Amino acid sequence: MTQGLDVSSLFMEMVKASATVDIVQKKLVYLYMVTYAGHKPDLALLAINTLRKDCADPNPMVRGLALRNMCNLRMPGITEYIQQPILSGLRDKASYVRRVAVLGCAKMHSLQPNTEIDPSVVNELYALLRDPDPVVMVNCLRALEEILRDEGGVVINKPIAHHLLNRLKDLDSWAQSEVLRLLLRYCPRSDDELFDILSLLDGFLSSAHAPVMAATLRLFLHLAAAHPAVQADALSRARGPLLAVCGSASRELRFAGLSHVQQVLRSQPAQYCSHYKRFFCSYSEPGYIRLRKMEILVELVNDENVVLILEELKSYCTDVSTDLAQAAIAAIGRIGRTYTEKCLDILTGLLALKQEHITSAVVQTFRDLVWFCPQSTGPVCKAVEGCDETPQDDEGKQALLWLLGAHGELISSAPYLLEGFIDGLKVEISSAVKMELLTSTLKLFLSRPAETQDMLGRLLHYCIEDEADMNVRDRAGLYYRLLQSGPDRTRQILLGPNSDPSMTVLTGRPEEPVSVWASSFNTLGSLCGTGAGPENLPAEDSAHQVHAAEEAELGFGPAEQNLNTEPEEPLSDAAAAELDLTAGPPISHEAFERLWLDLQVVHQQVLEVRRPPEPPETLQAAFLLVKIQTLAFSRADAALWKAYVYSRAGGTLLLAELLQGAPEEPESEGMLLVSIKQQPENQSAVRNFISVLKRVLQTLSSNTS
Amino acid sequence: MISQVFILSSKGDHLIYKDYRGEADKDAVSIFYEMVTALSGDQPPVVMSHKDLNFIHVRQGGLYWVASTKTDASPFTIIEFLNRLAALTKDYCGSLCEKSVRMNFALIYELLDEMVDYGYIQTTSTDILKNFIQTEAVTSKPFSLFDLSNVGLFGAETQQSKVAPSAAATRPIMSHRSEQGGKNEIFVDVVERISVVIGSNGVLMKADVEGEIRVKCYLPTCSEMRIGLNEEFSIGKSQLRGYGMAVRVDECSFHQAVKLDEFDTYRILKVCPSQGEQTLMQYQLSDELPCAPPFRLFPTVEKDYGNRLLIFLKLRCDLPPKSTALNVSVTVPVPKSSLSLSQELSSPDQTADLQLKNKAILWSIPRFPGGAQLSALFKVEVPGLSSASLLEVGPVSMSFELPKHTCTGLQIRFLRLSPTHPGLSQRWVRYVTHSDSYTIRI
């Protein structure tokens, strides 16, 4: 029966067999009946007589058994038969029968959901909250919760809450965690009452039972929402038990513990830093636990433990499982955003292993690193050059191509690598790789035309003539026409930012307030794959951002919409009129151009500084430090040097043109002329912007002179 | 609250299925099995959801123990409940495997019926449950030569019969027939799990011990038991007692039934054990081991002529000479392209082979006495061997079992039952240390 065979035809025999004295046989017959009553309601009615007789048996065990199974018969019309036994069961001498009867009330209610709630039953259940048997008490809470669901569940007022809190010690751990969960609904009237409750619960925070500990912690976080210091204290006191759960013998419990540690880390990363060794993986653990541990290790890195953590992660990189190895490499990359040099050494060392999956993961990590920290570009390019193994999977290929395109001028072997890809084009299946190949070949052509011209021709020819995929063909056609309009125009459109402009030099995730995650603490959500939290988003997103940025340059992307909505959003809180410059989403060239043409110059001024002689990359990095984003520069040797920059401040968008050697103002020879356009207007923001701009340029000039 | 509980074999056969609330279809079982087998390696399998039904499962004894729920319940509660269900099944049936679950299905249904009503956990305590459980456990005993050797020659008392056989603790707690139940036994086990990372320079980088004191009780009547621990046992860093070998743990928690009124002064735990298995005390120690880690490894890895890699391992066991490590296995990862292995081992009972699936050498040593040193030479054929391939060798991981040894030094001074059953009860105290994870970097 339990193995999925249908044996409902035996029902009649089973009804006869239920009239037995042997309890084991009775139990099995009842199990059978409960399973098949829905199919044969008419026959099941025959059994009710026996069941009702059993409900009056002198043995409380038989009474309870019969009552429970009678309530479990899920068939129409049963309620009229079970009502009487339940009501007498509520007043039974034996607590075992009372337990069953109390839950029977809930079952009865669920069988007839649309009928009126019987107030006498509800009152009786509230009265039974004072029952000496703890399980009866908790069952009453559960039953009331179900019956009164439409009215918001069982009412927890002050007397009930205090009654429950006082009885908490008598309950077993399951009931404790259930009661603690229900107490979330109670809000104390005064601070004094609150602290009384908290001190009563204090002992449960260090309970050896993980469910009780977690439920108590959740209640603490909820009750003390207005007292962050109390929350922090509770979290630090629950640290020991939580760490113990993370090392428990049951893998599943371990996993649940790790997921919750991850939640705590979102607001208190420092708490677990000194315990980082607890999160080292053991080789016998399954993959999903090790992945979680690596995610946690990344969060725990600080100046003291970075060396040891990196060494540990490095040893995971050669794991048999490719998933784990790649995750370890990605983890090193994430640490690399703060501790660039150490990580680059390790990653470069891994390239020497010459294994496909490792190389691919390392190249992807390199791409993300370059995107987030521009200062790592040099070493990365050197490493890529030294690597003679090319990745074989799509993701890895795309990452390598992006690197070659964006920083091709620093990688001397770039054209040869690209040529290899172009030669293998016929066997390439992924269209995403082909698109990336097109873009990076074109980019490389712009920086190193002589070496690339021939292969670009071949590539475009193949893609336009022989390619079956529409997207690739369209992209190739677009680039072809773009090239016809001249290299400068191409450059203007194609070369976007090569690093994430919203990143400053040091990235640290801000600590979130506890309330962000407290509501999901000790719920299933945190354990599901999707609930992993935002910590692994940046890594996955970066690739997406790279593409989004490129799409935006080509005018496909959503950047324009951003632009239109962005300036309006902050207006609501512009009352604060915070005038510091802020970096926002990057603006595409086209959108910039359109805005520039639409708007009037609001301010024009000659800055008393000369153009710094630095290469454009340095200039761009310097501007980024003060949150000014650069759109385009003229070449350094141009007679009329121009730079277009933009920034946001106090709810407005500022666009500026820097000009040197303007013909109409000969007296300002060599000095920079700045013209600012703004949307919407805000004079103080303009003043602020100019002073920042001037400061940067002065600093740069004084450094070099 | 729990909607359904079911137990599946590893092949997906339905062993037990109990529907508590009638909310979800029976299809849920097959949906679950499809989901759990379709998961890729890096997806966390513990909690899965299908439409509005959440599945939470644990794996024990090669079986899936699954609970499904429609509400957002506490994961800790449900996982702990499933673990407890598995533990109770083990207590009642003697062992945990597909066969014992199949044979005792009536008993397990009885358990499930009493433990949970309408999706709410009622009780999981053995003391209460034993009043309601009527079915007797059917045990399946595999035929083993060990049983034969245990029969004394002409009924004479052999040395063997004075030692509790390892199968003694794997029998059901309830036996009404007295042929087995005549033994009133109680086992107190101190089980420690050690996890160690040793750096390539031989420095101990991480050492954690997780320990617990477990009681497995077959006594039918409940009497108070007093367990005395080492008197110099201390918790935390601050309170060190006396001189000499202090036994220290960082953190320590107790079962709620343990009475601690004599713990502070005399280090005595008082408890009335209920039948079945219970964990009385759990403790952790990190970083400062009172003794040296049990194994040290001195590896040499070098390129031989041609495509051959030479790995020379010298393994020393730093246990006291009286102790012995059992079932020691050493796993050495080798380059992915390794083809074949030839080895020189120091004694014939050791084995070593190359596992092509994991790309690792597995060296197993059945017995390793304390203070001894073993060495092994592995020659691995690796086509296209380069100096970078050497990086792929390591880290070495070990697994082992140390009977009669605790790493923290925790000992049980005495074990007293009161009121005493003269001659009736047998008390056993066992110590064992398992390797949770023992990693040595090269």
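Just so it is clear: chains get the letters A, B, ... in the order the sequence lines come, proteins before strands, and each one is counted from 1. Quick caveat, the model's predicted, so the values are computed rather than measured.
Donor-acceptor pairing under 3.5 Å is recorded for the side chains of Glu146(A) and Tyr120(B).
Using a 4.5 Å cut-off between heavy atoms, Asp13(B) makes no contact with chain A at all. Of the atoms belonging to Glu80(B), heavy atoms from both backbone and side chain fall under 4.5 Å from chain A. Only the side chain of Lys18(B) comes within contact range of chain A, with heavy atoms under 4.5 Å apart. With a 4.5 Å cut-off on non-hydrogen atoms, Pro395(B) touches chain A through its side chain but not through its backbone. Contacts of Gln122(B) with chain A are made by both backbone and side-chain atoms, with heavy-atom separations under 4.5 Å.
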(message) Please determine whether side-chain contact (heavy atoms from CB on, under 4.5 Å) holds for the pair Lys27(A) and Asp113(B), giving the CA-CA distance in whole Å, both sets of side-chain angles, and the decisive distance to 0.1 Å.
(response) CA-CA 9 Å; Lys27(A) 285 187 174 178; Asp113(B) 208 33; 5.5 Å; no
(message) Let's go through Ser286(B) and Lys277(A) carefully: what are the C-alpha distance in whole Å and the side-chain angles of both, what is the deciding distance for side-chain contact (heavy atoms from CB on, under 4.5 Å) to 0.1 Å, and is it a yes or a no?
(response) CA-CA 9 Å; Ser286(B) 40; Lys277(A) 285 183 182 172; over 6 Å; no
(request) Take Lys206(B) and Arg278(A) through the side-chain contact (heavy atoms from CB on, under 4.5 Å) test and state the conclusion after the steps. (result) CA-CA 9 Å; Lys206(B) 168 198 161 172; Arg278(A) 289 292 189 82; over 6 Å; no
(request) Please step through side-chain contact (heavy atoms from CB on, under 4.5 Å) for the pair Arg181(A) and Ser74(B), ending with a clear verdict. (result) CA-CA 9 Å; Arg181(A) 193 176 59 80; Ser74(B) 153; 5.7 Å; no
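By the salt bridge (Lys or Arg N to Asp or Glu O under 4.0 Å) test, Asp319(A) is found to be paired with Arg290(A), residues two or more places apart in sequence or in another chain being considered.
Contact annotation: the side chain of Lys107(A) approaches that of Asp117(B) to within less than 4.5 Å [non-hydrogen atoms, C-beta and beyond].
Proximity of a side-chain donor or acceptor of Arg193(B) to a complementary backbone N or O of Gly247(A) within less than 3.5 Å is detected. With hydrogens and angles ignored, the 3.5 Å screen pairs a side-chain donor or acceptor of Asp72(B) with a backbone N or O of Leu524(A).
Expressed to the nearest 0.5 Å, how far CD of Glu252(A) lies from CD of Gln60(B) amounts to 7.0 Å.
Of all non-hydrogen atoms in Ala244(A) and Glu210(B), the two that sit nearest each other are O-OE1, 4.4 Å.
Ring geometry, Trp174(A) versus Phe81(B): the interplanar angle exceeds 60°, so the pair is classed perpendicular (tilted spans 30 to 60°).
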